[in-house]
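Here is the structure we will look at.
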Amino acid sequence: MNLLGIYSRLLGTFGPQGWWPTKNRFSPPEWEVCVGAVLTQSTNWKNAEKALDNLEKERVLSPADVAGAKDGALEEAIRPSGFYRQKAERLRALAGFVMSFGGFGGFSEEVTRPQLLDVKGLGPETVDSILLYAIGRPVFVIDAYTRRVFTRTGFCADGDYEGWRRLFESGLPEDAGIYREFHALIVELAKKFCRKEPLCAGCPLMSGCESAHPRGSPAPASMRSSPDGEPPRQPGGGARPART
DNA sequence: CGCCAGGGCCATA
DNA sequence: TATGGCCATGGC
């Protein structure tokens, strides 16, 4: 089963996800995606959304609003998302960076991935989420869910962030719409079935999954070698390598 | 209740 | 290059 096969199987199971979940309340609306990408770093989306609600209440709706927020106001608004001092700093850095392009329009047309990666507090996943979901560039987002799902199935065993990203981008049409939908479907699969403690019963990827256990009980601890629950695996064995 | 979320930075070895 | 500590809150 190739990547497109997995994609269509997930799409058939879960249907279109319609990510990113924005509510058209920021200016521009795409700015909410950028803010959300920072707020959800290692944080439940529910908590990130509380912070977004607070920003709406406080009318901190644009990059300029973030840059001009009074001392401590930003921190208080985003407190529910956790790590709030760090995240306030990261949002200020991102807002200033966007404004250095003369606003979101210039930013979205001209910014490059390496430039975004140079912004302090923005790592590869946050940057790629912004590029894909806010700007519409065809960049595949790799997150912890993606690694877990595709390691467990045996599709890919290792590799750094760029290796994983190349694997997906080289195995799919260069299409931001497909990248968005696929990543969202992977998250849905990871939440419903491929959780930390896997619930394999009914999983749409069970047939062909290397670590599937048919009767639905969680795999025995002896099958899980890493803290993230991946099965033990031989170097170079079985799965497709991340790099060519 | 304790665990842990849609990461990333930094200090250390 | 690769671990480990750190950041912090609220859902479950």
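Note on naming: letters A, B, ... go to the chains in the order of the sequence lines (proteins, then strands), and numbering restarts at 1 for each one.
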Between the protein and nucleotides 11-13 of chain B, which nitrogen or oxygen pairs come in under 3.5 angstrom?
none

Measuring from atom [atom1] of [X] to atom [atom2] of [Y], what distance do you get when rounded to the nearest 0.5 angstrom?
{"X": "A/F150", "Y": "A/I142", "atom1": "CZ", "atom2": "CD1", "value": "8.5 Å"}
{"X": "A/M1", "Y": "A/I6", "atom1": "CE", "atom2": "CD1", "value": "6.5 Å"}
{"X": "A/T43", "Y": "A/K50", "atom1": "OG1", "atom2": "NZ", "value": "13.5 Å"}

What is the minimum heavy-atom distance between [X] and [Y], and which atoms define it?
{"X": "A/A77", "Y": "A/P80", "answer": "O-CD, 3.5 Å"}
{"X": "A/R152", "Y": "A/C194", "answer": "NH1-SG, 3.2 Å"}
{"X": "A/F107", "Y": "A/I130", "answer": "CZ-CG2, 4.3 Å"}
{"X": "A/I78", "Y": "A/A51", "answer": "CA-CB, 3.7 Å"}
{"X": "A/F168", "Y": "A/I186", "answer": "CE2-CD1, 4.3 Å"}
{"X": "A/E30", "Y": "A/A134", "answer": "CG-O, 3.3 Å"}

Tell me whether A/W19 is stacked on the nucleobase of B/dG6, counting only the six-membered base ring and applying the 5.5 Å and 30° thresholds.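 It does: the two rings, one from A/W19 and one from B/dG6, meet the stacking criterion.
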Touch class at under 4.0 angstrom, heavy-atom based, for A/G123 against every strand present: sugar-phosphate
Same-atom distance ([atom1]) from [N] to [M], integer angstrom:
{"N": "B/dG2", "M": "C/dA8", "atom1": "P", "value": "22 Å"}
{"N": "C/dG11", "M": "B/dC1", "atom1": "C1'", "value": "13 Å"}
{"N": "C/dC12", "M": "B/dG6", "atom1": "P", "value": "11 Å"}

Please report the distance, rounded to the nearest Å, between [atom1] in [X] and [atom2] in [N].
{"X": "A/L116", "N": "B/dG7", "atom1": "CG", "atom2": "P", "value": "18 Å"}
{"X": "A/N47", "N": "B/dG6", "atom1": "CG", "atom2": "P", "value": "9 Å"}
{"X": "A/R148", "N": "B/dC4", "atom1": "CZ", "atom2": "C1'", "value": "11 Å"}
{"X": "A/F140", "N": "B/dG6", "atom1": "CZ", "atom2": "C1'", "value": "13 Å"}
{"X": "A/N44", "N": "B/dC3", "atom1": "CG", "atom2": "C1'", "value": "12 Å"}
{"X": "A/E125", "N": "B/dA5", "atom1": "CD", "atom2": "P", "value": "13 Å"}
{"X": "A/F83", "N": "B/dG7", "atom1": "CZ", "atom2": "P", "value": "10 Å"}
{"X": "A/K50", "N": "B/dA5", "atom1": "NZ", "atom2": "C1'", "value": "15 Å"}

Which word best sums up how the rings of A/H183 and A/Y133 line up, parallel for under 30°, tilted for 30 to 60°, or perpendicular for over 60°? tilted
Parallel, tilted or perpendicular, as decided by the 30° and 60° cut-offs, for the rings of A/F14 and A/F193: tilted
Return one dot-bracket line describing DNA chain C 5' to 3' (Watson-Crick or G-U wobble pairs, both distances under 3.5 Å; ( ) same strand, [ ] crossing, | another strand, . none). |||||||.||||
Proximity to DNA chain C (any heavy atom under 4.0 Å), residues of residues 88-99 of chain A only: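 Hits under 4.0 Å, by residue number: none.
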Under 4.0 Å from a heavy atom of chain A: give me the 5'-most and 3'-most nucleotides of DNA chain C that qualify.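 From 5' to 3', the first and last contacting nucleotides are C/dC7 to C/dG11.
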Just to confirm, is there a sub-4.0 Å distance from OP1 or OP2 of B/dG6 to any side-chain nitrogen or oxygen of A/K46? no
Start at the 5' end of DNA chain B and walk down; is the nucleotide closest to A/L117 or to A/S129 reached first? A/S129
Run the salt-bridge test on A/R147 and A/E125 with the 4.0 Å N-O cut-off and return the result as yes or no. no
Grouping I, L, V, M, F, W and Y whenever their side-chain heavy atoms are under 4.5 Å apart, do A/L10 and A/L167 come out in a common cluster?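 Yes, A/L10 connects to A/L167 through the hydrophobic network.
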Is any side-chain heavy atom of A/Y84 less than 4.5 Å from a side-chain heavy atom of A/R79?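 They are in contact (side-chain heavy atoms under 4.5 Å apart), so the answer is yes.
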For a 4.5 angstrom cut-off between non-hydrogen side-chain atoms, does A/S62 reach A/F104? no
Is there a donor in the side chain of A/N54 and an acceptor in the side chain of A/K57, or the other way round, less than 3.5 Å apart?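 Side-chain D/A pair, A/N54 to A/K57: present.
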Indicate every side-chain donor-acceptor pair of residues 89-102 of chain A with a distance under 3.5 Å to a residue at least two apart or in another chain.
unit_1 : atom_1 : unit_2 : atom_2 : d
A/R90  : NH1    : A/Q41  : OE1    : 2.7
A/R90  : NH2    : A/Q86  : OE1    : 3.3
A/R92  : NH1    : A/E75  : OE2    : 3.1
A/R92  : NH2    : A/E75  : OE1    : 3.1
A/S100 : OG     : A/F97  : O      : 2.5

Within residues 33-43 of chain A: residues closer than 4.0 Å to DNA chain B (heavy atoms):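 Nucleic-acid contacts, sorted: A/T40, A/Q41, A/S42, A/T43.
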